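One structure below.
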2 protein chains.
Amino acid sequence: MDITVPKGKRKAFQRLETRALILESAKALFADKGFERTTVRAIAASSEVGLGTIFKHFEDKNALLAAALHDDLAATLERAFKEVKHEKTARENFIHIASRLYQYYAVNPSLSKTLVQQAMFSKGKCQTVLDEQLSDFIGVIDGLLEKGKEKQEIKQSADNRAVAFNFFSHYIITLVSCLNQPTFSPESALAQLEEQLDITYSGIETTPGSKR
Amino acid sequence: MDITVPKGKRKAFQRLETRALILESAKALFADKGFERTTVRAIAASSEVGLGTIFKHFEDKNALLAAALHDDLAATLERAFKEVKHEKTARENFIHIASRLYQYYAVNPSLSKTLVQQAMFSKGKCQTVLDEQLSDFIGVIDGLLEKGKEKQEIKQSADNRAVAFNFFSHYIITLVSCLNQPTFSPESALAQLEEQLDITYSGIETTPGSKR
DNA sequence: CTATAAAGGTGAACGTGTTCACTTAAAGAA
DNA sequence: TTCTTTAAGTGAACACGTTCACCTTTATAG
């Protein structure tokens with residue numbers, strides 16, 4: 001019997017507290033040992049909770065990783081979105097957002113790789129969390145493109161949806177490609193992304209004006 | 001004592017035969033039950049081989065899948081490469097190759113998804129097999145682009161390496177994106193790929209000539 | 001207050017991928 | 001041939017993710 005929460009909501013509070021405890025331990029252990037080398041039993045022991053309890057709070061070990069990184073990732077995204085400057089080009093703003101994300105992934109490339117893998121391939125349900133962030137991301141790019149059209153950066157005939165997907169493709173492939181390198185450097189990832197954006201912007205077909 | 005191979009190479013032959021037996025069973029079971037729902041024990045039983053034997057032939061269950069699909073995939077790739085017509089544009093040839101691959105993946109989308117996932121994220125060693133195919137793929141695209149430059153389809157200033165990577169990015173992201181749908185249709189995947197190639201070809205920036 | 005229902009918490013037990021000490025048989029040396 | 005070495009083959013044992021029947025505690029009904 002605890003006096004801090006004398007209401008009829010002790011259970012709900014306990015639940016949240018337990019969840020937080022588990023997440024804290026999970027985060028620390030994942031960061032320390034990596035995903036595969038961290039056992040659910042170790043997380044249970046570290047958070048002083050029964051093994052089964054963890055699975056009352058999280059669908060599986062993957063969901064645990066997603067939850068452990070979710071808050072930081074969401075904060076990174078939100079911060080990046082807020083830093084969008086409307087006087088800058090769509091491209092500059094996009095690169096800035098990508099830059100922030102790459103910096104975040106660089107904190108722990110190994111964990112990031114696992115997270116990205118799960119986001120891209122997870123079966124059915126728990127992907128919702130990451131899908132939301134993807135939708136946000138695509139939505140923001142869409143907005144940037146619209147602004148870009150207004151300021152003559154981008155041609156009117158371009159389809160925002162398709163171009164947003166194009167940007168996202170390059171962002172994600174560059175990320176995966178660089179996460180597979182022995183070391184992940186946000187700078188080289190950005191350079192690679194810029195190279196692809198060059199192509200997306202200028203196109204590759206011969207044009208009447210540039211047939212030298 | 002078998003009379004068919006009386007040489008001093010019985011062991012080598014036995015080994016190959018055992019390997020083939022395992023692969024045959026693995027292929028059938030994977031196709032029937034899917035990757036996760038097929039146990040290594042079931043493969044061992046079906047191929048009438050000890051459990052440990054499988055791991056003398058394959059690093060792990062993932063390698064088993066890669067090996068099971070490798071030959072078909074290699075054949076698909078080779079066939080697609082041979083169908084390249086030099087009188088067609090680089091884009092048409094690329095789309096044709098992608099089309100063949102998408103058709104192959106469509107045979108068993110679930111297995112394909114697992115295979116692609118492993119190819120993109122496998123740790124360290126066994127990825128070699130798939131990496132080879134990737135190198136081939138990139139190499140062929142590179143060649144197509146060079147031809148494309150000769151026939152004025154693609155501007156000289158384009159960097160083949162970067163553009164080949166660009167093509168590959170769209171190919172792979174489209175594949176993953178479509179494999180995550182409830183049903184995988186090569187046709188809709190191709191449509192999506194074409195949409196992205198449109199962007200890559202024409203570019204999105206406003207040009208002096210197209211400022212309407 | 002008591003009785004009942006609901007929900008959090010628990011760890012033994014299970015299934016499965018993977019390892020390893022050992023057996024067996026082929027290849028090579030004497 | 002006979003002995004030695006090498007490697008294929010094997011399944012018991014292990015580690016870990018996951019499940020589930022059960023317990024305990026809180027919430028709710030009477």
Side-chain angles (χ1 to χ4, degrees), chain A residues 1-23 25-26 29-30 33-68 114 118 122-126, chain B residues 1-23 25-26 29-30 33-68 114 118 122-126:
Chain A
M1 176 115 143
D2 204 299
I3 318 176
T4 56
V5 183
K7 303 195 164 208
K9 304 206 171 178
R10 205 146 7 181
K11 236 173 182 175
F13 269 62
Q14 280 285 356
R15 183 171 171 79
L16 287 181
E17 200 173 318
T18 303
R19 186 190 150 95
L21 232 63
I22 295 172
L23 273 183
S25 296
L29 285 170
F30 283 151
K33 308 261 190 189
F35 182 72
E36 285 86 1
R37 304 195 53 190
T38 298
T39 71
V40 180
R41 282 172 178 81
I43 297 173
S46 165
S47 50
E48 289 174 316
V49 144
L51 177 60
T53 306
I54 293 191
F55 294 97
K56 288 276 180 176
H57 287 264
F58 302 94
E59 179 128 328
D60 55 19
K61 198 187 173 191
N62 290 347
L64 201 45
L65 177 67
T114 307
Q118 288 172 17
S122 68
K123 323 272 175 189
K125 317 147 204 183
C126 70
Chain B
M1 178 106 149
D2 203 301
I3 319 174
T4 56
V5 183
K7 304 197 165 207
K9 303 204 171 178
R10 205 144 11 180
K11 235 174 180 172
F13 270 62
Q14 279 286 355
R15 183 171 171 79
L16 286 181
E17 201 174 316
T18 304
R19 185 190 151 94
L21 231 64
I22 295 172
L23 273 183
S25 297
L29 285 170
F30 283 151
K33 308 262 190 188
F35 182 73
E36 284 86 1
R37 303 195 55 191
T38 298
T39 71
V40 180
R41 281 171 180 78
I43 297 173
S46 165
S47 49
E48 289 173 316
V49 143
L51 177 60
T53 304
I54 294 192
F55 294 98
K56 288 275 179 175
H57 287 264
F58 303 95
E59 178 127 330
D60 54 21
K61 197 187 173 190
N62 290 346
L64 201 44
L65 177 68
T114 307
Q118 289 172 16
S122 68
K123 323 273 175 187
K125 316 147 205 184
C126 69

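Every chain is numbered from 1, with letters handed out A, B, ... down the list of sequences. Small disclaimer: the values here were computed from a predicted structure and weren't measured.
Between B/N62 and B/T114 the shortest side-chain heavy-atom distance does not fall below 4.5 Å. In this structure, the side chains of B/L65 and B/Q118 come closer than 4.5 Å at one or more pairs of heavy atoms. Side-chain contact check for A/L29 versus A/S46: some heavy-atom pair is nearer than 4.5 Å.
Atom CD of A/E36 and atom OG1 of A/T38 lie 9.0 Å apart (nearest 0.5 Å).
Nucleic acid contact for B/T39: sugar-phosphate only, since backbone atoms but no base atoms lie under 4.0 Å from a heavy atom of the residue.
Atoms CG (A/L29) and P (D/dG17) sit 12 Å apart, rounded to a whole Å. The interatomic distance linking A/I54 (CD1) with D/dT19 (C1') rounds to 14 Å, in whole Å. Here the C1' atom of nucleotide D/dT24 and the CD atom of A/Q14 are 13 Å apart, to the nearest Å. Counting to the nearest Å, the C1' atom of D/dC16 and the CG atom of A/N62 are 14 Å from each other. The distance between atom CZ of B/F58 and atom C1' of C/dT19, rounded to the nearest whole Å, is 18 Å. Regarding A/L64, its CG atom lies at a distance of 14 Å from the C1' atom of D/dC16, rounded to whole Å. In this entry the distance linking CZ of A/R10 with P of D/dA27 reads 6 Å, nearest Å. The CG-C1' distance, from B/L51 to C/dG15, rounds to 13 Å in whole Å.
The side chain of B/H57 lies closest to D/dG9, out of D/dT18, D/dG9, C/dT19.
Terminal axes of the helix from C/dC1-D/dG30 to C/dA30-D/dT1 (five pairs each, C1' rotation axis) are separated by 10°, to the nearest 10°.
Each of B/T18 and A/K56 has a nearest nucleotide on DNA chain D; the 5'-most of these lies closest to B/T18. Along DNA chain C, the nucleotide nearest to A/R19 and the one nearest to B/R37 differ in position, and the one closer to the 5' end is contacted by A/R19.
Without hydrogens or angle criteria, A/T53 side chain to A/V49 main chain gives no donor-acceptor distance under 3.5 Å.
Minimum interatomic distance between A/F55 and A/D60 (heavy atoms only, all atoms of both residues): CE2-CA, 4.0 Å. Pairing each heavy atom of B/H57 with each of B/R15, the nearest pair is CE1-O, 3.3 Å. Here the closest heavy-atom approach between residue B/I43 and residue B/F30 is recorded as CD1-CZ, 4.0 Å. Across every non-hydrogen atom of B/F35 and B/K61, the tightest pair is O-NZ, 2.9 Å.
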Output one line per pair: protein atom, nucleotide atom from nucleotides 4-7 of chain C, and distance, for all N/O pairs under 3.5 Å.
residue, atom, partner, partner atom, Å
C/dA6, N3, A/K11, NZ, 3.4
C/dA7, O4', A/K11, NZ, 3.3
C/dA7, N3, A/K11, NZ, 3.1

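Judged by atom type and distance alone, B/R41 does not reach the base of C/dG15 through any side-chain donor-acceptor pair under 3.5 Å.
When the side-chain nitrogen and oxygen atoms of A/T53 are compared with OP1 and OP2 of C/dT10, one or more of them lie within a distance under 4.0 Å.
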